[in-house]
Each structure stands twice: as C-alpha cells, then as structure tokens.
Amino acid sequence: QEQLVESGGGSVEVGGSLTLSCTASPYATYSDCMGWFRQAPGKQREGVAAGCKSGGNTFYADSVKGRFTLSRDNAKKTVYLRMMNLKPEDTAMYYCAADYWYGPDWFRSREVYDYDYRGQGTQVTVSS
C-alpha cells in the first residue's frame, strides 16, 4: 500500500495554475509534517514547501514565495500545494514528503527531501 499518494500534476502554460494534493495512509502516524520537494532533470533536489500540525511553522523556498501556497486538511491527512503564476523553471517532478514533528529546531534545519516518507512523484510541466 502506498504511504503517500500524490495527484494533480500536469502540463500548463506559463502563468497558469495547478494544485497538487498528497494524502497519507489513514493509518499513517508520520503525517505531523508534510510538504513537497522537486527535482528537474540535471538539477539538485529543492525543498519547495512544508508545514507541520504543531507550531504553526510553514516553509517556502524563496523561488516560490508569493506564488505557491501550502494548506492541510488534517482530518484527511492531506496536504495541498496551490501553484500559481507558474514559470518554465517550475518544471520538475514534484514529490510529497512526510515525517514526524521533532520540534521547531528540527523543522528549521531539516530539508523536505530528507523527510523519512515520500511519494512516487507527480510531473509538472510548464511550457512557454
């Protein structure tokens, strides 16, 4: 059984919008913190956004601030990434990631792509 299931990827034109969603298993205990990272061919992984149920902390990469919004439905163990004003450089495979909450210091220092649980990824392609 998949631990994290992503959906919502696709192809859009520059300036378009997409919303990604990621749902953890109903039995998951590791969904305290959930977020997204991405990887484009030939590029390093980049943490995009993450948030935790505890502490009200939310992280956004500088490259997406003001364009992407992370939200959660804790009852559904689902996290959403609303992506607006998409650019060609946003083209990548987007992965959902999840982990336990280990405190604010952990959250500030932990890269999203180093979270212990991750999905299979969903492709986002932005064309000009």
Side-chain angles (χ1 to χ4, degrees):
Q1 183 178 1
E2 296 291 338
Q3 294 178 319
L4 295 169
V5 179
E6 302 120 326
S7 63
S11 297
V12 295
E13 294 183 348
V14 169
S17 302
L18 283 172
T19 299
L20 307 182
S21 64
C22 171
T23 300
S25 164
Y27 309 103
T29 59
Y30 47 80
S31 60
D32 292 340
C33 297
M34 297 180 73
W36 298 86
F37 68 94
R38 64 188 181 185
Q39 187 162 26
K43 295 187 178 180
Q44 292 187 335
R45 294 173 300 179
E46 177 187 24
V48 175
C52 303
K53 291 189 292 185
S54 302
N57 300 288
T58 305
F59 156 79
Y60 291 100
D62 288 342
S63 57
V64 307
K65 283 180 180 176
R67 301 188 297 121
F68 290 12
T69 303
L70 187 76
S71 60
R72 300 178 58 114
D73 184 332
N74 292 327
K76 296 181 179 179
K77 295 188 177 182
T78 297
V79 64
Y80 305 94
L81 185 68
R82 175 66 172 166
M83 306 184 294
M84 301 177 67
N85 190 21
L86 284 160
K87 304 176 180 180
E89 51 264 41
D90 294 318
T91 295
M93 185 70 80
Y94 283 70
Y95 297 89
C96 178
D99 212 331
Y100 296 93
W101 165 255
Y102 295 102
D105 290 341
W106 172 88
F107 180 77
R108 281 191 292 268
S109 62
R110 188 76 165 186
E111 295 288 354
V112 182
Y113 48 77
D114 286 332
Y115 287 8
D116 284 345
Y117 301 88
R118 63 192 61 185
Q120 295 298 310
T122 185
Q123 178 69 35
V124 172
T125 302
V126 185
S127 58
S128 56

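The structure presented is a predicted model; accordingly, all values stated were derived computationally and were not measured.
Across every non-hydrogen atom of Ala40 and Ala92, the tightest pair is N-CB, 3.9 Å. The heavy-atom pair separating Pro26 from Lys77 by the smallest distance is O-NZ, 3.1 Å. Scanning all heavy atoms of the two residues, the minimum distance from Gly51 to Arg72 falls at O-NH1, 3.3 Å. Taking each heavy atom of Gln123 and Thr91 in turn, the nearest pair found is NE2-CG2, 4.0 Å. Contact detail for Val112 and Ala50: the closest heavy-atom pair is CG2-CB, 3.7 Å. The two residues Phe68 and Arg38 have their closest heavy-atom pair at CE2-NH1, 4.1 Å.
Going from atom SG of Cys96 over to atom CD of Gln120 covers 11.5 Å, rounded to the nearest 0.5 Å. Taken to the nearest 0.5 Å, the OG1 atom of Thr125 stands 12.5 Å off from the CD atom of Glu13. In this structure, Leu20 CG and Arg82 CZ are separated by 10.0 Å, a value rounded to the nearest 0.5 Å. Atoms NZ and OG, from Lys76 and Ser21 in turn, are 10.0 Å apart once rounded to the nearest 0.5 Å. To the nearest 0.5 angstrom, Gln39 atom CD is 6.5 Å from Arg45 atom CZ. In this structure, the separation between CG on Leu86 and OG on Ser128 is 13.0 Å, given to the nearest 0.5 Å.
Salt-bridge formation is not detected for the pair Lys87/Asp90: no Lys NZ or Arg NE/NH1/NH2 atom is positioned less than 4.0 Å from an Asp or Glu carboxylate oxygen.
Around the CD atom of Glu89, the shell of radius 6.0 Å holds more than 12 heavy atoms that belong to other residues, nucleotides or ligands.
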**Message:** Using salt bridge (Lys or Arg N to Asp or Glu O under 4.0 Å), reason through Lys65 and Asp62 one step at a time and then give a plain yes or no.
**Reply:** CA-CA 5 Å; Lys65 283 180 180 176; Asp62 288 342; 3.1 Å; yes

**Asked** After noting the C-alpha distance and the side-chain angles of Thr69 and Tyr80, does the key distance pass the side chain to side chain contact (heavy atoms under 4.5 Å, CB included) rule?
**Response** CA-CA 8 Å; Thr69 303; Tyr80 305 94; over 6 Å; no

**Request:** Check step by step if side chain to side chain contact (heavy atoms under 4.5 Å, CB included) holds for Met34 and Leu4.
**Result:** CA-CA 10 Å; Met34 297 180 73; Leu4 295 169; 4.1 Å; yes

**Verdict with reasoning, Val126 to Val14, per side chain to side chain contact (heavy atoms under 4.5 Å, CB included)** = CA-CA 6 Å; Val126 185; Val14 169; 4.1 Å; yes

**Prompt:** When you look at Gln3 and Ser25, which way does the side chain to side chain contact (heavy atoms under 4.5 Å, CB included) test go after all the steps?
**Reply:** CA-CA 5 Å; Gln3 294 178 319; Ser25 164; 5.6 Å; no

**Request:** Please step through side chain to side chain donor-acceptor pair (under 3.5 Å) for the pair Thr29 and Tyr100, ending with a clear verdict.
**Result:** CA-CA 8 Å; Thr29 59; Tyr100 296 93; 2.7 Å; yes

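Panel note: side chain Glu6, backbone Gly121; a donor-acceptor pair is recorded below 3.5 Å. Between the Asp99 side chain and the Asp116 main chain, a donor and an acceptor come within less than 3.5 Å of each other.
Using a 4.5 Å heavy-atom cutoff, the side chains of Asp32 and Cys52 are not in contact.
Taking the six-membered ring for Trp and thresholds of 30 and 60 degrees, Phe107 and Trp101 have ring planes inclined between 30 and 60 degrees apart.
The only member of Tyr102, Tyr30, Trp106 that meets ring pair (Phe, Tyr, Trp, His ring centres under 6.0 Å) when paired with Tyr115 is Trp106.
Residue pairs meeting the ring pair (Phe, Tyr, Trp, His ring centres under 6.0 Å) criterion with at least one partner in residues 31-50, sequence neighbours excluded, are Phe37-Tyr95.
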